[in-house]
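Lettering follows sequence order; numbering is per chain, from 1.
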Amino acid sequence: MSDLLTNNDRRTEYCGLFTNKYIGEHVCAVGWVQRQRDLGSIIFIDLRDRSGIIQLAFDDMTETNIFDQAFRIRSEYVLCVKGVVRKRSSINKNIPTGDIEIAVDELKILSVSETPPFEITEDSEVKPELRLKHRYLDLRRPDLQRNIIERSKIVQITRKYFMDNGFIDIETPNLIKPTPEGARDYLVPSRVHHGCFYALPQSPQLYKQLLMLSGFDRYFQIARCYRDEDLRVDRQPEFTQIDLEMSFITQEGVIEIIEGFVKYLFAEYKNMEINLPLPRLTYTEAMEKYGSDKPDLRFGFELIDLSDALCGCGFKVFAETIAAGGSVRAINIKNGAESFSRKEITSLTDWIKTYKAKGLAYTKLSGGEYSSSYAKFLSDDENSAIYEKTNLCEGDIIFIVADKNNIVFDSLGALRCEIARRLNIIKNDEYKMLWVTDFPLLEYSEEDKRYYSTHHPFTMPCAEDLHYLDTDPSKVRSIAYDIVINGMEAGGGSVRIHSQEIQSKIFEVLGFTKEDADKKFGFLLDAFKYGVPPHAGLAFGLDRLTALLLGLSDIRDVIAFPKVQNASELMTKCPAPADPATLTELGIALTENPEEE
RNA sequence: GGCCCGGUAGUUCAGUUGGUUAGAACGCUAGCCUGUCACGCUAGAGGUCGUGGGUUCGAGUCCCAUCCGGGUCGCCA
């Protein structure tokens, strides 16, 4: 049987925070048993809580019945002990409390424990499946516990910054109207209105815009958002955003506030100086130079366009691609020739096919010898032009992709990151951030024969591009901006449309009839009749930001109860079939049987 | 939805060309041990090799299907 905690059992101090100043004092400690070391006539127990570990000692001075109890204590038992803090006869320099211990004279076993399915230790390497099934135990591990605690600190710093800058923390609804565009919504059936559904918000977008219209001027929220899309290492179906919106402000105003936030956060949390202003690239520049709208600036390998030099060249693959409107581009891996054997190059060639590139051409210059997969098809002049444009020097290797522009950008953009990873040249404690601006407002979908918003349909078009809305909508740039850190989209936002006319025009370009627009966003268009301040905002991914600051790549390590790749949660086994009576009440009939448990 | 990787003791893994009774480490149980701190020593228990089917004299190993986990492309306004 377990012992009971009483009012007298007050913890003196967290386990890991006991120090020399407690020596000689009679104290109370509580926690979990990390390990028991039974030396025969003396027993040591490491007692653990979120702060660390304190050693308990039971020896010939300990009462027999307490000693006998200590003897049967096992890992993860929960104890309340009292005793005198004393100096150890041998010191453990590896832990902060390594020079003291508690000589126990009172012991309560508050709870016993079965042997856990895996060891509760910092470095325990256990399959994610098992860890997540027993997440409550996984969360006892010091590293995960630290991540969750650090996340809390980051949130605290974030709140302080935005409160100090006049932002008002406002909660917006989690049961909202389904949105027709963008990511798939999670739907919640209505009991009162059969056949009708709420959606869980993908973001508080429209509400925060309406808050601007209501005059709150500066809003922020640590907002949970939901997207029913496939998971990735940096994507969970529910995730948290630092969401904000401001009135009477332009892009520069938002950038200034966010740069201030980043500077403050890195200074407060990492004691690291961020130099402002952050560099900026337009979307077009980022694509041309890095093949990505979220470039990682911690390494070079910029894209080089060879199309002009190879137009009409003897190598059909290159010439025909250019003639068809595509391009031939290269990256130069400086001093990388030795790192890429034939086998390695073959491996990269296979790898790049994931991005639909048909092949990967290369030339390397090693020991004064050129070796190349394509040079023999080109004239000396053409080859020289490539060497000159790519600045190919002794020890370098260049990789070339020829294809439609979007495939060249996707594949080379990914390749430069993959190579940086393989060469292990990325420093984990380096942070390179930038703004990417001037995104195209619209993207044409060949499949659906219509335009979709790149960002969302409330994004303000660039004033000087407005005339293209009627002639060539793909040319319209938007006043949208992403903040990118180490190749990761950390946050994104835009100046919003605050004019009913422009908003209606955008809906029209997106192919909504007036009736469609009224049905879907009528409340917004109505609201816009009543005096809208110009406004703009941004949302920062808190999970990604936290992982980044902690040097982690998997956001599941900063989320207490994350979901796995098929969007289920292994501990509670959700989602789960609903009770038939509940379904009836909701007016839902299933056309197929739910998965068996 | 496509492609790739993985699943063997409680855990992490090894397991050769298909061949006798499937191993190791840690953990666990018991005993011994007065200064350990990843304590040590001795002994022991522990396996439907993810699941189902097939090939074979014989399958952890080969084939097919399926489940679970991971990565990735699509997707993520």
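The distance between atom CZ of A/Arg421 and atom P of B/rG71, rounded to the nearest whole Å, is 13 Å. Separating the CZ atom of A/Phe67 from the P atom of B/rC33 is a distance of 11 Å, rounded to the nearest angstrom. Here B/rG50 presents its P atom at 16 Å from NZ of A/Lys133, a figure rounded to the nearest Å. Regarding A/Lys127, its NZ atom lies at a distance of 9 Å from the C1' atom of B/rU8, rounded to whole Å. Note: CD1 (A/Ile352) to C1' (B/rC3) measures 16 Å, nearest angstrom. A/Asp185 has its CG atom 15 Å from the C1' atom of B/rC75, to the nearest Å. Between A/Arg141 atom CZ and B/rU12 atom P there is a gap of 11 Å when expressed in whole angstrom units. The CG atom of A/Asn406 sits 10 Å away from the P atom of B/rG74 (whole-angstrom rounding).
Nucleic acid contact for A/Ser90: base, since at least one base atom lies under 4.0 Å from a heavy atom of the residue. If you check every strand for non-hydrogen atoms under 4.0 Å, A/Asp228 touches nothing. Using a 4.0 Å heavy-atom distance criterion, A/Phe458 is classed as making no nucleic acid contact. At a threshold of 4.0 angstrom between heavy atoms, the contacts of A/Glu119 are confined to the sugar-phosphate backbone, with no base atom among them. Within 4.0 Å (heavy atoms only), A/Thr354 reaches sugar-phosphate atoms of the nucleic acid but no base atom. Note on A/Gln55: a base of the nucleic acid sits closer than 4.0 angstrom, heavy atoms only. Using a 4.0 Å heavy-atom criterion, one finds that A/Tyr452 contacts no nucleic acid atom at all. As judged by a 4.0 angstrom heavy-atom cut-off over every strand, A/Ile53 is placed among residues making no nucleic acid contact. Counting non-hydrogen atoms under 4.0 angstrom, A/Thr459 reaches nothing in the nucleic acid. Across all strands, A/Ile506 comes closer than 4.0 Å to no nucleic acid atom at all (heavy-atom distances). Nucleic acid contact class of A/Arg556 (heavy atoms, under 4.0 Å, all strands): sugar-phosphate only. A/Ile43 comes within 4.0 angstrom of nothing in the nucleic acid, heavy atoms only. A/Glu101 comes within 4.0 angstrom of a base, heavy atoms only.
Aromatic ring centres of A/Tyr481 and A/Phe439: separated by at least 6.0 Å. Taking the six-membered ring for Trp and the full ring otherwise, the centers of A/Phe67 and A/Phe58 sit at least 6.0 Å from each other.
A distance of about 40 Å separates the C1' atoms of B/rA30 and B/rG70, rounded to the whole Å. Using atom C1' as the reference point in both B/rG6 and B/rU12, the two lie 14 Å apart (nearest Å). Comparing the same atom, P, in B/rU56 and in B/rU11 gives a spacing of 36 Å after rounding to whole Å. Comparing the same atom, C1', in B/rU16 and in B/rC62 gives a spacing of 15 Å after rounding to whole Å. Comparing the same atom, P, in B/rG19 and in B/rA59 gives a spacing of 11 Å after rounding to whole Å. B/rG15 and B/rG23 are spaced 7 Å apart, taking the C1' atom of each and rounding to whole Å. Comparing B/rG47 with B/rA38, their C1' atoms sit 27 Å apart, to the nearest whole Å. B/rG27 and B/rC13 have their C1' atoms separated by 14 Å, given to the nearest Å.
Figure legend. B/rG69 is base-paired to B/rC5; pairs are counted as Watson-Crick or G-U wobble with both atom distances under 3.5 Å. Look at B/rU61: it lacks any Watson-Crick or wobble partner with both distances under 3.5 angstrom. In this entry B/rA24 has B/rU12 as its Watson-Crick or G-U wobble partner, both defining distances falling under 3.5 Å. Searching all strands for a Watson-Crick or G-U wobble partner of B/rC39 with both distances below 3.5 Å returns nothing.
Distance from the side chain of A/Val564 is smallest for B/rG70 among the nucleotides B/rG71, B/rA38, B/rG70. Here the nucleotide nearest the side chain of A/Asp410, chosen from B/rG74, B/rU34, B/rU72, is B/rG74. Side-chain proximity of A/Arg74 to the nucleotides B/rG35, B/rU29, B/rC39 is greatest for B/rU29. Listed candidates were B/rC75, B/rU34, B/rG70. Nearest to the side chain of A/Asp60 is B/rU34. Which of B/rG31, B/rC28, B/rC37 sits closest to the side chain of A/Thr115 comes down to B/rC28. When distances are taken from the side chain of A/Ser41 to each of B/rU12, B/rC76, B/rU34, the shortest belongs to B/rU34. Of the candidates B/rG10, B/rC75, B/rC37, the closest approach to any side-chain atom of A/Pro117 belongs to B/rG10. Of the candidates B/rU36, B/rC68, B/rG70, B/rC68 carries the atom nearest the A/Glu129 side chain, counting heavy atoms from C-beta on. Out of B/rG35, B/rC76, B/rG70, the shortest distance to the side chain of A/Glu229 is found at B/rC76. When distances run from any side-chain atom of A/Arg86 to the nucleotides B/rG71, B/rG35, B/rG70, the shortest one goes to B/rG35.
A/Asp59 and A/Ser41 share no side-chain donor-acceptor pair at under 3.5 Å. At a cut-off of 3.5 Å, with distance as the only test, no side-chain donor of A/Asp543 or A/Gln236 sits close to an acceptor on the other residue. Looking at A/Gln209 and A/Tyr207, their side chains never bring a donor and an acceptor atom within 3.5 Å of each other.
Between A/Phe118 and B/rU11, no base-stacking contact is recorded for ring centres under 5.5 Å apart and planes less than 30° from parallel.
Residues A/Arg88 and A/Gly182 both approach RNA chain B. Their nearest nucleotides, taken by heavy-atom distance, put A/Arg88 toward the 5′ side. Heavy-atom nearest nucleotides on RNA chain B were determined for A/Asp38 and for A/Leu130, and the one closer to the 5' end corresponds to A/Leu130.
For B/rC76, the base has no donor-acceptor partner in the side chain of A/Arg184 [N/O atoms by modelled type, under 3.5 angstrom]. For a distance-only test at 3.5 Å, the side chain of A/Arg227 fails to qualify as a donor-acceptor partner of the base of B/rC76. Checked by distance alone, A/Asn566 brings no side-chain donor or acceptor within 3.5 Å of a matching partner on the base of B/rG69. A donor-acceptor contact under 3.5 angstrom links the side-chain atoms of A/Arg232 to the base of B/rG74. No N or O donor and acceptor, one from the side chain of A/Arg35 and one from the base of B/rC39, sit under 3.5 Å apart.
Of the residues listed (A/Arg556, A/Lys294, A/Arg544), the one engaging A/Asp234 in a salt bridge (Lys or Arg N to Asp or Glu O under 4.0 Å) is A/Arg544, and it is the only one. Of the candidates A/Gln503, A/His535, A/Glu245, A/Glu245 is the only one forming a side chain to side chain donor-acceptor pair (under 3.5 Å) with A/Arg496.
For the pair A/Arg450 and A/Tyr452, the cation sits on the ring face: its NZ or CZ lies under 6.0 Å from the ring centre, inside 45° of the axis.
With contacts defined as side-chain heavy-atom distances shorter than 4.5 Å, the pair A/Ile352/A/Phe399 does not qualify. You'll find the side chain of A/Thr459 stays beyond 4.5 Å of the side chain of A/Ile497, heavy atoms only.
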